[in-house]
Q: 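Can you keep this structure in mind? I'll have questions shortly.
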Amino acid sequence: MLTAQQALDHLLSHAQAVGEIEKVAMQAALGRVLAENVNSLVDVPPLDNTAMDGYAVRSADIATPGKSLKIAQRIPAGSMGTPLESGTAARIFTGAPVPPGADAVVMQEDCTLESESGQVTINTAPIAGQWIRRRGEDLTAGKTALTAGTFLRPQELGVAASAGLTHLSVKRRVKVAAFFTGDELALPGESLKPGGIYNSNRDTLLACLKSLGCDATDLGIVPDRLDATRDALRKASKDHDLIITSGGVSVGEEDHIKPAVTAEGRLDLWQIAIKPGKPLAFGAVRKSDDPKDGEAWFIGLPGNPVSSFVTFLLFVRPFILKLQGREAKLPQFYFIRADFDWLKADRRNEFLRVKLNSNGGLDLFPNQSSGVLTSASWGDGLVDCPPNQPIKAGDLVKYIPFDALLK
């Protein structure tokens, strides 16, 4: 069996970013991947402006605190002042352009307004440049504001808007088809037959795909038959970049994924040395009988809900990131103190569901079975436990927060 890193390296060596590019309006770009660098059309900010409500002054006029100056003008945001004469101050409001001649802003809390005389007393000696945001300090016209491969969150859309853009060139969404095998499965709301269970993997995996910005197609539950599995693979391959399945990847008589993928394409990987998630399949399915039509990638996940969830995070997510043209980097991790014992070390690389506690350590969910999905809901991350390595309370362990794996 391959190690987790060997398996991931194998998957990523095959993934290539989708090539098609679309130009979409700003609000349609959320959750998409930028296809081209974005250069700012303007300086941001376009003029020197104040970061505070207060008074624009010439710092040379106020060598010591307590200097009174005539208020010569009032400058709200969106209007332009006139050149500031020596010995005067300009009442100014956040975001307003600093008038020519002024080199500092004194916030109003450090000033005393003398309304009857029309003067203001400056109670602190200003330093040249204070509370002034300089023209172009965020972006200059022609400068790269966002780089290709960036996943567009709300803050990136704000940057693009500040740069004057109305539309963005993005990669088309990665198209992923998902289906689930198992005659025991039922959808929530349906009656359970004897021996049946509700399909939790469907909602978990489809939500994971959507959180990554994929165009996800739900092909539902497929019967435990070879012909039905092959039909589902053929249907899924035609209009999708990737096929994900859950269940049917073990070696039992009712597990038809391996022979079905082999018949409809090829299988390059089978089983990895991790727990949970040993049975993981990777390969490709032909789009048609004509080789020129290409293939859809295939990843078969285990049926146990924790195994399915963990293997998605560790292997499917980085594979999709690379298909999107994003950096498929390793998730952020921290070395945190274990406040538990895990003495029954396995020969496989284990991923334990844990939770940060109020003492700065990690607590372990008491039941680490691959069928107990509440361990993932209760926890806020995984401990990456190397093979054959027990953990004792007080040890520093490698902690990967779910936030780093789901964003």
Q: Establish, from distance only, whether the side-chain atoms of Asn349 and Asp384 form a donor-acceptor pair under 3.5 Å.
A: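 Distance-only check passes for Asn349 and Asp384.
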Q: Can you sort out the partners of Asn39 under side chain to side chain contact (heavy atoms under 4.5 Å, CB included), two or more places apart, ordered by chain and number?
A: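 Here the qualifying residues are Thr144.
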Q: Indicate yes or no: does Asp363 engage Lys355 in a salt bridge with an N to O separation below 4.0 Å.
A: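 Result for this pair is no, no salt bridge flagged.
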Q: If you compare all heavy atoms of Ser246 against all heavy atoms of Asn201, which two are closest, and at what distance to 0.1 Å?
A: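 What the structure gives for the nearest pair is OG-ND2, 2.8 Å.
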Q: Output all residues satisfying side chain to side chain contact (heavy atoms under 4.5 Å, CB included) with Arg153, sequence neighbours left out; order by chain, then residue number.
A: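 With sequence neighbours excluded, Arg153 shows a side chain to side chain contact (heavy atoms under 4.5 Å, CB included) to Phe151, Gln155, Glu156, given in chain and number order.
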Q: Is a side-chain donor-acceptor pair under 3.5 Å present for Arg173 with Gln324?
A: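 Arg173 and Gln324 do not have a side-chain donor-acceptor pair below 3.5 Å.
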Q: Between Ser162 and Asp138, do the side chains contain an N or O donor and an N or O acceptor separated by less than 3.5 Å?
A: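 There is no such pair between these side chains.
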Q: Can you see which heavy atom on Thr311 is nearest to which on Pro276, and at what distance?
A: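 Taking every non-hydrogen atom into account, CG2-O, 4.3 Å.
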Q: Without swapping roles, check the side chain of Asp103 against the backbone of Ser59 for a donor-acceptor pair under 3.5 Å.
A: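 Yes.
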Q: Begin from the C-alpha positions of Leu242 and Ile320 and carry the test side-chain contact (heavy atoms from CB on, under 4.5 Å) through to its verdict.
A: CA-CA 9 Å; Leu242 172 65; Ile320 288 174; 3.8 Å; yes
Q: Looking at Asp48 and Arg135, is any side-chain nitrogen of the basic one under 4.0 Å from a carboxylate oxygen of the acidic one?
A: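 Answer for the salt bridge query: no.
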Q: Show me the pairs that pass ring pair (Phe, Tyr, Trp, His ring centres under 6.0 Å) and involve residues 27-55, at least two apart or across chains.
A: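 Applying ring pair (Phe, Tyr, Trp, His ring centres under 6.0 Å) to every pair that reaches into residues 27-55, excluding sequence neighbours, yields nothing.
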Q: Could you list the residues that satisfy side chain to side chain donor-acceptor pair (under 3.5 Å) with Glu137, not counting sequence neighbours?
A: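 For Glu137, no residue satisfies side chain to side chain donor-acceptor pair (under 3.5 Å) once neighbours in sequence are set aside.
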Q: Taking Arg286's backbone N and O only, do any of them form a donor-acceptor pair with Glu295's side chain (distance below 3.5 Å, no angle check)?
A: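 Absent.
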Q: Determine whether a donor-acceptor pair (N or O, by modelled atom type, separation under 3.5 Å) exists between the side chain of Lys171 and the backbone of Val18.
A: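 Yes, Lys171 side chain to Val18 backbone: donor-acceptor pair under 3.5 Å.
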Q: Could you check whether any side-chain N or O of Tyr198 sits under 3.5 Å from a backbone N or O of Glu190, counting only pairs where one atom can act as donor and the other as acceptor?
A: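 It does hold such a pair.
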Q: Under a 3.5 Å cutoff, is there a donor and acceptor pairing between the side chains of Asn388 and Arg347?
A: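 Arg347 and Asn388 do not have a side-chain donor-acceptor pair below 3.5 Å.
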Q: Does a donor on one side chain and an acceptor on the other come within less than 3.5 Å for Trp342 and Gln368?
A: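 The answer is no; no qualifying pair exists.
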Q: Going by the rule ring pair (Phe, Tyr, Trp, His ring centres under 6.0 Å), which residues pair with His167 if we only count those two or more places apart in sequence or in a different chain?
A: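 Scan of His167 (ring pair (Phe, Tyr, Trp, His ring centres under 6.0 Å), adjacent residues dropped) gives none.
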Q: Salt bridge check: are Asp339 and Arg337 linked by an N-O gap of less than 4.0 Å?
A: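 Judged by the 4.0 Å cut-off on N to carboxylate O distance, Asp339 and Arg337 do form a salt bridge.
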Q: So, Asp183 side chain and Asp224 main chain: donor-acceptor pair closer than 3.5 Å or not?
A: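 Flag set: sc Asp183 to bb Asp224 pair under 3.5 Å.
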Q: To check you understand the geometry: which heavy-atom pair defines the closest contact between Pro99 and Ala90, and what is its length?
A: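 Nearest heavy atoms, Pro99 then Ala90: CG-CB, 4.3 Å.
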Q: Please confirm whether the backbone N or O of Gly247 pairs with a side-chain atom of Thr181, one donor and one acceptor, at under 3.5 Å?
A: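 Confirmed, Thr181 side chain pairs with Gly247 backbone.
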Q: Please state whether the rings of Tyr399 and Tyr334 are parallel, tilted or perpendicular, taking 30° and 60° as the class boundaries.
A: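 Tilted, since the angle between the ring planes falls between 30° and 60°.
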Q: So which atom in Ala284 and which in Val261 form the shortest heavy-atom distance, rounded to 0.1 Å?
A: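 Of all heavy-atom pairs spanning Ala284 and Val261, the closest is O-CG1, 4.2 Å.
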Q: Would you mind listing every ring pair (Phe, Tyr, Trp, His ring centres under 6.0 Å) that reaches into residues 368-387, with sequence neighbours excluded?
A: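 Output for this query lists Phe365-Trp378.
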Q: For Thr262 and Lys258, indicate whether the former's side chain and the latter's backbone hold a donor-acceptor pair under 3.5 Å.
A: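 Yes; at least one donor-acceptor contact below 3.5 Å.
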Q: Run Phe298 and Thr245 through side-chain contact (heavy atoms from CB on, under 4.5 Å) and show every step you take.
A: CA-CA 8 Å; Phe298 170 82; Thr245 64; 3.5 Å; yes
Q: Using ring centroids (six-membered ring only for Trp), state whether Phe309 and Phe402 fall under 6.0 Å.
A: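 So the answer is yes for these two rings.
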Q: Does the ring centre of Phe315 sit less than 6.0 Å away from the ring centre of Phe282?
A: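 No, the ring centres sit 6.0 Å or more apart.
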Q: For Lys322, does the NZ atom have more than 12 heavy-atom neighbours from other residues, nucleotides or ligands under 6.0 Å away?
A: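 For Lys322, atom NZ is crowded (more than 12 foreign heavy atoms under 6.0 Å).
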Q: Between the side chains of Asp43 and Arg134, is the shortest nitrogen-to-carboxylate-oxygen separation below 4.0 Å, so that they form an ion pair?
A: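 Result for this pair is no, no salt bridge flagged.
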Q: Provide the closest heavy-atom pair for Val306 versus Ser369 in the form atom of the first, atom of the second, distance.
A: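 Heavy-atom minimum between the residues: CG2-O, 3.9 Å.
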Q: May I ask you to decide if Leu206's main-chain N or O and Asp203's side chain share a donor-acceptor pair within less than 3.5 Å?
A: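 Not a single qualifying donor-acceptor pair exists.
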Q: Within the distance-only criterion (no hydrogens, no angle test), does the side chain of Thr204 pair as donor or acceptor with the backbone N or O of Ser200 below 3.5 angstrom?
A: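 Such a contact is found between Thr204 side chain and Ser200 backbone.
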Q: Between Leu152 and Leu30, which heavy-atom pair has the shortest distance, and what is it?
A: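 So the two residues come closest at O-CD1, 3.6 Å.
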Q: Within the distance-only criterion (no hydrogens, no angle test), does the side chain of Arg133 pair as donor or acceptor with the backbone N or O of Thr50 below 3.5 angstrom?
A: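 Present.
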